[in-house]
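Below is one structure; the comments refer to it alone.
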Amino acid sequence: MKKYDPKTIEPNWQQTWADTKLYAAVTGDTAREKYYMLTEFPYPSGAGLHAGHTREYTLGDVIARHKRMQGFNVLYPMGYDAFGLPTENFAIKHKIRPQDATSQNVEVFRQQFDSLGLSFDWDREVNTTHPDYYRWTQWLFLKFHAAGLAYQAEMPINWCPKEKTGLSNEEVVDGKHERCGTPVEKKLIKQWMLKITAYADRLIEGLKTVDYPSRIADQQVNWIGRSEGAEIDFLVGESGVAPKDSLKFTPELTKLVLDGSKTNTVRLEPKNLQVGDIASLITRLSPTDTQVFAQAKVTKIETMPLGQIPLDLDGHEPFASTDEQLAAYRGYYGDTVGFDTEFTIYYFDSVQPTVTVYTTRPDTLAGATFLVLAPEHAAVAQITTPDQRSQVEAYVKKAQGESEIDRQNTDRTKTGVFTGAYSANPITGAKVPVWIADYVLASYGTGAIMAVPAHDERDFAFAKAFKLDIQQVVSGDDLPAVATGKLINSGQFDGLEGAEAKRAIVKYLEDKGSAKTAVKYKLRDWIFSRQHYWGEPIPIVHCEHCGAVPVPEDQLPITLPDVEHYEPTETGESPLAAITDWVNTACPKCDKPAKRETDTMPNWAGSSWYYLRYMDAHNDQAFASPEALKYWGEVDLYLGGMEHTTLHLLYSRFWHQFFYDQGLVPTPEPYAARRGQGIVLAADGRKMSKSIGNVVNPTDIIASYGADTLRLYILFMAPYDETTPWSEERLAGASRFVWRVWALAQELIEAHAFTRAMKPGPGDAFETEVDRATHKAIKKVHDELGGMRFNTAVSALMEYVNFLSDAKTKARLLEPASAALAWRALNTLVQLLAPITPHMSEELWHQLGYPGSVHVAGWPEYDPELIKDDVVVIVVQVNGKVRANLAMTPDATQSELAEAAKADPNVAKYLQDGQLLKTIVVPRKLVNFVVK
RNA sequence: GCGGAUGUGGUGGAAUGGUAUACACGCUAGUUUUAGGAACUAGUGCCGAAAGGCGUGGAGGUUCGAGUCCUCUCAUCCGCACCA
């Protein structure tokens, strides 16, 4: 008997498959239907593949192989998402180039992929760090820039004051730098942003057209966090002020704003503003805007070509009623970098400061008994009274060091400080104090809320803690009552309810010019800058005269300079800023000396579009040809980690939707279906972790058991999307099964002189039984694989092998008369196992005498007639308790079933004592008698 | 905290509203001169001598019938925007 030797057969077949390019996908093959199976490409860390990767790629491989055997033209590609911090840190620490660290790691990954027997099409391999690839990442960024969706803003980064370095969130632990323990500060840095918020609604809508599990779709919807409500203006002063008619934006003022003289007045929204927002704010001018003004000194005005006016933050055209204004406006916007960032804000004395709050419950307005501002709110300094100033300033400083997650924790004791200022409730006229508190976030809504303690749990807790008024305005029971009912204590609005109440109150305020309906999202724009070396350079040149100028497409890629040192700078700038040879360049527009943008892109950039590059991986004229994009279309199935649901998956959909709008891709969504695989825990039930030392290395497993065993175990251990612990013992069980299949196959092969033209047998009861089991196995395995129920697919194969291995069955299968029957069974078994244990199946296939590969040999089909059972077991219940089993023919009628059930002695025993009320008969299943 | 999910034997898990625990691991007993991380046979939810009863985190509900549907609740896991 031939010994099962995975160490020999696995590498042999891997080599043959590679040599023959067995798994190459053919773009434009119309004879076969295409199937695009995508798994997330890995970050090639130094540690090599981990158990999670192994699970993900094995799952994808089984699907790809199953589809390929069914005759699909399968694209199952792989690549590397290799930019990022770990490699950069590793390279700095070991004084090597990150390029070299990456290629070493990639080599290890490649070997491990091959050793798992994964059927990737290696002709399409991509690597996000190769200039041939990131050339197109840069090109796509320029599309965003040209469309006005890439803009610059002052955004905070985590800053370690001791090491003078920017930190990722991951490096901040409990508000401290994890390496040196220094409390982390926020530092404002001008960064590139992508306006993903412009696609918020599309990202929600698009989910209706794709097949994502609800846990993924729901999480995306909640992450985007769309809410409809109202922005309401509150006038604020020391003693409280009654609402009054809003100031109109006078023509004189408009002119002043759009005048290009050295001192310009611009209107600021009363929310937390950053200096970089000025340019955007100018776009929001409109004649109905009111009330709070600020002044900015503008030192330079640059112009910008026609047709490049971006939409404002709300996606509207900027206000401009005359050509003159439009021209002036262009000057402002084009000067996003030309603004003197040293500007001061002051409020006109004649105007009462206004705080705009955002609320989803305008119906509860009468119950607003105080206002709460985020500590970072721009109006705080302005409204705080002298006697409260020191307290307020201390609180603002304290809040700076807190994480948003902590601040949103409603279990936490509420903290806050009174500013000394008051406003007035627009309905009741009651005096309402203005507080600041960290539970209000500057980054959401307007950074200020009207607190309605009677109908909001957080406001309720705050009011209790600081003994503030609580005024119920919606009828209901225990406060805080969050549900909607009829309004009370709301003056003219009493008796209104729900949406009607909301509309009426917003309308009332709207007419007075102090409110408007508003849609807000929790989703924030994407900070697209990283102050690191190991990323795609952002293809922009900053010119004193022309501003931020995109690098012309024919000059791409802007490659990373190949240098010795790229440690982070002490200024928080990218390390690239210190490489003067690289930074200094000529302006593409005016050819005068200029400087390159030194920020690089986040890791998410390259991974946002890589699935498109696989379609046409070597194209040097385009990121992919229109033909390839059209042929491969949507990814049919995208498998990846649940942890990518709200970041990578959302970013990637955003890019794709934008590309669709630009006419760059033919489909509105990138992924027709998405599934998330579960996490593989260590055997101890904890997460695998190098520091705990409970990590499973796939290479070790392959060395001792072979890849086929590992693959089978991974599929069998749990449903693919469940988190489940690793078990060496169950892996050994999987190994036993593989060995048993091999041994059974060898016995059958040795017993029979198999030829491919085997004559059918006599067709007796035994043959029927075996064939029925075979065809049931085909149906079951096919259905389970198609439904991604891999664990039960393996169970079905085990049951089938158990059936064939049963002593009596096996003995008869070994008889010479059963040669054809054994041939049929073994052929089928090898084919059904092929997606799961590709090496062993291929080896057995060749032992059966086939010259070609089992992996392109077709998928067996079952005969629906053959799998019909002669007898079905009917369960008989009395009052829902099982009292008997009956063997009946499948086509027995309801009355036949009921009669047969009544005739059963054990059932009769239970029926005789009571009155038969009801008989339920489910054909082919059960009979239930209800007895009193 | 917010958002998402998951709770079934000693363990991983199976079960179109219809016999709860398939398949596998582990364990127990036995067989085999069995080098092995073997192979084979029988058994293995709990209570009970049996008849029978009880059992899917907990409490209710719908139904002839609930692991499955509904309400509440408890526990655990994942994500939270500069990790990828």
Side-chain angles (χ1 to χ4, degrees), chain A residues 40 42-43 45 81-86 155 157-158 166-172 191 196 213-223 225 403-412 439 443 458 522-527 529-532 602-604 607 641-648 650-651 676 678-679 681 685 687 704-705 713 716-719 721-737 739-740 743 789 791-792 794-799 802 807 873-885 917-920 922 925-931:
Chain A
E40 288 167 353
Y43 180 79
S45 75
D81 186 18
F83 276 129
L85 260 187
M155 295 301 290
I157 61 167
N158 299 311
L167 304 174
S168 67
N169 283 353
E170 198 182 47
E171 293 170 298
V172 181
Q191 309 207 63
I196 189 172
S214 62
R215 64 163 144 173
I216 293 177
D218 289 353
Q219 195 136 333
Q220 289 211 345
V221 169
N222 287 317
W223 182 259
S403 79
E404 288 201 356
I405 291 176
D406 288 341
R407 287 174 57 168
Q408 289 173 76
N409 187 336
T410 50
D411 272 359
R412 217 166 66 133
Y439 80 96
S443 57
R458 293 161 301 180
K522 283 191 196 136
L523 182 70
R524 311 204 282 262
D525 275 343
W526 176 4
I527 303 176
S529 283
R530 297 293 182 273
Q531 293 73 44
H532 286 286
N603 172 270
W604 311 107
S607 61
M642 284 300 300
E643 69 274 20
H644 294 122
T645 299
T646 50
L647 298 180
H648 160 66
L650 205 59
Y651 290 150
I679 296 163
L681 300 174
K687 272 189 145 181
S704 40
Y705 293 92
Y713 168 64
F716 184 55
M717 61 184 177
D721 54 355
E722 293 286 339
T723 295
T724 193
W726 181 263
S727 164
E728 187 85 11
E729 285 162 340
R730 280 187 267 278
L731 176 71
S735 177
R736 278 199 287 274
F737 172 73
W739 280 73
R740 249 154 46 80
R789 294 177 296 271
N791 54 331
T792 47
V794 172
S795 306
L797 282 161
M798 286 175 168
E799 289 181 72
N802 287 348
V873 175
I874 304 294
V875 175
V876 185
Q877 298 177 331
V878 179
N879 288 338
K881 294 208 184 296
V882 178
R883 298 302 179 189
N885 287 331
L917 295 179
K918 197 170 178 183
T919 304
I920 289 128
V922 182
K925 286 267 189 229
L926 124 166
V927 178
N928 186 16
F929 296 110
V930 184
V931 179

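Below, chain A is the first sequence line, B the second, and so on; all start at residue 1.
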- At under 4.0 Å between heavy atoms, what does S727(A) touch on the DNA or RNA strands: base, sugar-phosphate, or nothing? nothing
- Quantified in whole Å, what is the C1' atom distance between nucleotide A14(B) and nucleotide G4(B)? 25 Å
- Message: Heavy atoms only, 4.0 Å cut-off, all strands: where does P42(A) land among base, sugar-phosphate and nothing?
- Response: nothing
- Query: In whole angstrom, what separates E722(A)'s CD from A24(B)'s P?
  - Reply: 21 Å
- Query: Can you name the ring-ring contact (aromatic ring centres under 6.0 Å, His included) partners of Y713(A), sequence neighbours left out?
  - Reply: W726(A)
- Task: Could you measure between the two C1' atoms, the one in A75(B) and the one in C25(B), and give it in whole Å?
- Result: 26 Å
- Which residues satisfy the side chain to side chain donor-acceptor pair (under 3.5 Å) test with Y651(A), sequence neighbours excluded? none
- Note on the structure: Quick note, P86(A) side chain, CB onward, closest among G53(B), C64(B), A84(B) is A84(B)
- Message: Within the 4.0 Å heavy-atom criterion, would you say S607(A) contacts the bases, only the backbone, or no part of the nucleic acid?
- Response: nothing
- Task: Supply the atom-to-atom distance W526(A) CH2 to L650(A) CG, rounded to the nearest 0.5 angstrom.
- Result: 9.5 Å
- Expressed as a whole number of Å, how far does the C1' atom of U6(B) sit from that of U73(B)? 16 Å
- Would you indicate which nucleotide in A84(B), A24(B), A22(B) comes nearest to any side-chain atom of N603(A)? A84(B)
- Query: Looking only at atom C1', what distance separates G9(B) and C54(B), rounded to whole Å?
  - Reply: 14 Å
- Item | Separation between the P atoms of A15(B) and U8(B), rounded to whole Å | 15 Å
- Between S607(A) and H648(A) the two heavy atoms that sit nearest each other are O-CE1, 3.0 Å
- Message: Using a 4.0 Å heavy-atom cut-off, does R789(A) contact any base of the nucleic acid, only the sugar-phosphate backbone, or nothing at all?
- Response: nothing
Can you give me the N/O atom pairs linking the protein to nucleotides 39-48 of chain B at distances under 3.5 Å, or say none if there are none?
none

Scan nucleotides 77-82 of chain B against the protein and return all N/O pairs shorter than 3.5 Å with their distances rounded to 0.1 Å.
residue, atom, partner, partner atom, Å
A81(B), O5', N169(A), ND2, 3.3
A81(B), N6, K522(A), O, 2.8
A81(B), N1, R524(A), N, 3.1
C82(B), O4', R530(A), NE, 3.4
C82(B), O4', R530(A), NH2, 3.4
C82(B), O3', N169(A), N, 3.3
C82(B), O2', N169(A), N, 2.3
C82(B), O2', N169(A), OD1, 3.0
C82(B), N4, Q191(A), OE1, 2.9
C82(B), N4, Q191(A), NE2, 3.2
C82(B), N4, Q531(A), OE1, 3.4

- Query: Taking only residues two or more places apart in sequence, or in another chain, which ones meet N158(A) in a side chain to side chain donor-acceptor pair (under 3.5 Å)?
  - Reply: N169(A), K186(A)
- Query: Taking the same atom, P, in U56(B) and in U11(B), what whole-Å distance lies between them?
  - Reply: 15 Å
- Determine the interatomic distance between C1' on G10(B) and the same-named atom on G26(B); round to the nearest Å. 7 Å
- Task: Check every atom of A84(B), G13(B), A5(B) against the side chain of S214(A) and return the nucleotide holding the closest atom.
- Result: A5(B)
- Query: Among the nucleotides U6(B), G53(B), A14(B), which one has an atom lying closest to any side-chain atom of K881(A)?
  - Reply: G53(B)
Contacts under 3.5 Å, N or O only, protein and nucleotides 8-11 of chain B:
residue, atom, partner, partner atom, Å
U11(B), O2', R730(A), NH2, 3.0
U11(B), O2, R730(A), NH1, 2.8

- Pairing string, 5' to 3', for RNA chain B - Watson-Crick or wobble contacts under 3.5 Å, brackets [ ] where pairs cross, | to another strand: (((((((..(((.....[....)))((((((.......))))))(((....)))..(((((..]....))))))))))))....
- Item | Nearest-angstrom distance, C1' atom, C2(B) to G57(B) | 24 Å
- All side chain to side chain donor-acceptor pair (under 3.5 Å) counterparts of S529(A), not counting sequence neighbours: D599(A)
- d(T645(A) OG1, E643(A) CD) to nearest 0.5 Å is 8.0 Å
- Could you pull out all residues at least two apart from N879(A) that satisfy side chain to side chain donor-acceptor pair (under 3.5 Å)? none
- Note on the structure: Assign each of M717(A) and E799(A) the nucleotide of RNA chain B bearing its closest heavy atom; nearer the 5' end lies the nucleotide of M717(A)
- Could you check S795(A) against G733(A) and say which one's nearest nucleotide on RNA chain B is further toward the 5' end? S795(A)
- Task: Mind checking salt bridge (charged side-chain N to carboxylate O under 4.0 Å, His left out) for D721(A) and listing every partner two or more places apart, or none if nothing turns up?
- Result: R215(A)
- At under 4.0 Å between heavy atoms, what does D81(A) touch on the DNA or RNA strands: base, sugar-phosphate, or nothing? sugar-phosphate
Could you pull out the protein-nucleic contacts involving nucleotides 17-20 of chain B (nitrogen or oxygen on both sides, under 3.5 Å)?
residue, atom, partner, partner atom, Å
G18(B), N2, Q877(A), OE1, 3.3
G18(B), N2, N928(A), ND2, 3.3

- Note on the structure: Taken in chain and number order and not counting sequence neighbours, the residues that satisfy salt bridge (charged side-chain N to carboxylate O under 4.0 Å, His left out) with R883(A) are none
- Would you call G9(B) syn or anti, using the 90° rule around 0? syn
- Task: Using a cut-off of strictly less than 4.0 Å, decide whether S45(A) has a side-chain nitrogen or oxygen near OP1 or OP2 of A84(B).
- Result: no
